[in-house]
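Each ligand, and each atom within it, is numbered from 1 in the order the structure gives.
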Amino acid sequence: MSLHRNFFNYRDLTSEELAIFKENGYLVIKNILTAEGLDQMRRECMTAWNAEKQAFDPAKSWLQNSLLVNIHHQAPAVRDYYFEGPLVDMAAQIIGPNIKGATSQLTFKMAGNTKPFGWHQDNGYGELEPYNALTTLTALDDTDQGNGCLWLIPGSHAGGQIRVNQTEEEKQKKSEIIVEADDSLAVPMEMRAGDALIFNCWMLHKSDGNLSKDRDRRILFLRYADADAVEVYNNRRPRLGRLVKGETRFTEVKEFETNI
Ligand SMILES: O=C(O)CCC(=O)C(=O)O
């Protein structure tokens, strides 16, 4: 692997940050990418995005308009960041010594992508156990209320897992799994390009549409989990994702993506 350490700013989370994370369920990490790293990631991600995605179409789904999965297969700087960047050790400080990557994707709301994404928990999609998986969002653009930033409800992770019963048709269509939440408690996560947001798998979050005319809102979305985390909805099979730190009892995880 050709790791570009100059793309990332490495540091540990402080004990104060860890306490805040426990209480509020989220943390913002400023400047986790260097200017060079941000540039490179934008370049690689846009090449992948432009090869697969068309202009926003309100008739299309979130998946079609806004999501590109497994971006680390196509973007070497993202792969380095996902597997060996500063988030890995931060995840270990929160989750424990054994960590795997659980998801990599782009969630891009380009200017004029006016579709909101309602309240949900990331562990509502593909429930993982143990319940300490982390979502990380790395902003590739400045993001605020004008271009569809994320909103979350501080402390809402303490409410635990919310299970939504979807019909078979909704499951087949991969419909969004949206829950009720109190908008008056929501806080906008305004971030600068190159910052990261980390939150607990039960954190309630949402985003509004990007109503700006010319400000894209590009986010790199990476999840990390305990290396032995299993998929509750899938006969408790292990979530497949590269082992990035420590050990796992699952051979299929040990062997997963070791060659990319
Ligand atoms: O990128 C967004 O606007 C929302 C994405 C999100 O919350 C998710 O994919 O879980």
Side-chain angles (χ1 to χ4, degrees), residues 25-28 41-42 45-46 48-49 53 56 58 60-72 78 82 87 101-128 131 133-154 156-157 161-164 166 170 173-181 183 185-193 195-212 215-225 231 233 239 241:
Y26 74 97
L27 272 181
V28 175
M41 277 204 204
R42 281 177 172 160
C45 291
M46 285 315 291
W49 185 263
K53 294 294 189 182
F56 171 69
K60 288 187 176 165
S61 65
W62 165 258
L63 192 73
Q64 292 164 315
N65 280 315
S66 311
L67 198 65
L68 182 58
V69 298
N70 281 331
I71 182 62
H72 66 292
V78 170
Y82 185 31
L87 290 171
T103 310
S104 95
Q105 58 195 24
L106 301 178
T107 63
F108 278 10
K109 275 195 182 174
M110 300 312 231
N113 177 340
T114 51
K115 271 204 173 175
F117 192 132
W119 288 113
H120 64 286
Q121 298 175 314
D122 284 341
N123 224 41
Y125 289 87
E127 182 175 341
L128 298 181
Y131 296 96
L134 286 182
T135 294
T136 75
L137 304 184
T138 303
L140 302 183
D141 293 300
D142 292 350
T143 166
D144 54 37
Q145 295 175 54
N147 69 348
C149 71
L150 220 78
W151 292 73
L152 53 74
I153 300 186
S156 58
H157 64 304
Q161 185 77 26
I162 303 170
R163 293 203 170 77
V164 176
Q166 281 197 310
E170 285 169 333
K173 279 172 47 190
K174 295 193 188 310
S175 298
E176 291 163 27
I177 301 175
I178 302 305
V179 302
E180 295 286 317
D183 274 293
L185 302 175
V187 173
M189 292 291 110
E190 300 194 335
M191 295 161 72
R192 302 301 301 257
D195 294 349
L197 167 69
I198 303 181
F199 57 82
N200 176 277
C201 65
W202 284 332
M203 174 58 65
L204 283 169
H205 60 286
K206 67 163 192 176
S207 65
D208 294 333
N210 181 346
L211 303 180
S212 76
R215 294 174 57 227
D216 294 333
R217 195 234 57 185
R218 294 170 296 180
I219 280 177
L220 168 63
F221 177 113
L222 303 174
R223 278 185 96 198
Y224 295 93
E231 295 177 341
Y233 58 94
R239 163 62 61 92

Next on the checklist: Less than 4.5 Å apart, side chain to side chain, heavy atoms only: is that true for T135 and C201?
Outcome noted: no

Next on the checklist: Using side-chain heavy atoms (C-beta onward) and a distance below 4.5 Å, is L150 in contact with L197?
Outcome noted: yes

Item to check | Close-contact set for ligand 1 against L150 heavy atoms, below 4.0 Å | outcome: 2 (C), 4 (C)

Next on the checklist: Return the closest protein heavy atom for atom 9 (O) of ligand 1 as residue, atom name and distance.
Outcome noted: F221 CE1, 3.6 Å

Checklist entry - In this structure, which one of V78, L222, L220, T103 forms a side-chain contact (heavy atoms from CB on, under 4.5 Å) with H72? => result V78

Checklist entry - Can a donor-acceptor pair be found between the side chains of D141 and T143 at a distance below 3.5 Å? => result no

Checklist entry - Under 4.0 Å from any heavy atom of H120, which atoms of ligand 1 are there? => result 6 (C), 7 (O), 8 (C), 10 (O)

Next on the checklist: Using the ring centroid of each side chain, check whether H157 and F199 are separated by less than 6.0 Å.
Outcome noted: no

Checklist outcome for this item: protein heavy-atom neighbour closest to atom 5 (C) of ligand 1 works out as W62 CZ2, 3.8 Å

Checklist entry - Hey, is ligand 1 close enough to R217 that some N/O pair sits below 3.5 Å? => result yes

Checklist outcome for this item: Residue, atom and distance of the protein heavy atom nearest atom 3 (O) of ligand 1 read S207 OG, 2.5 Å

Next on the checklist: Can you name the atoms of ligand 1, numbered from 1 with element, that are less than 4.0 Å from a heavy atom of K109?
Outcome noted: 3 (O)

Item to check | Part of I219 with heavy atoms under 4.0 Å of ligand 1, whether side chain, backbone, both or neither | outcome: neither

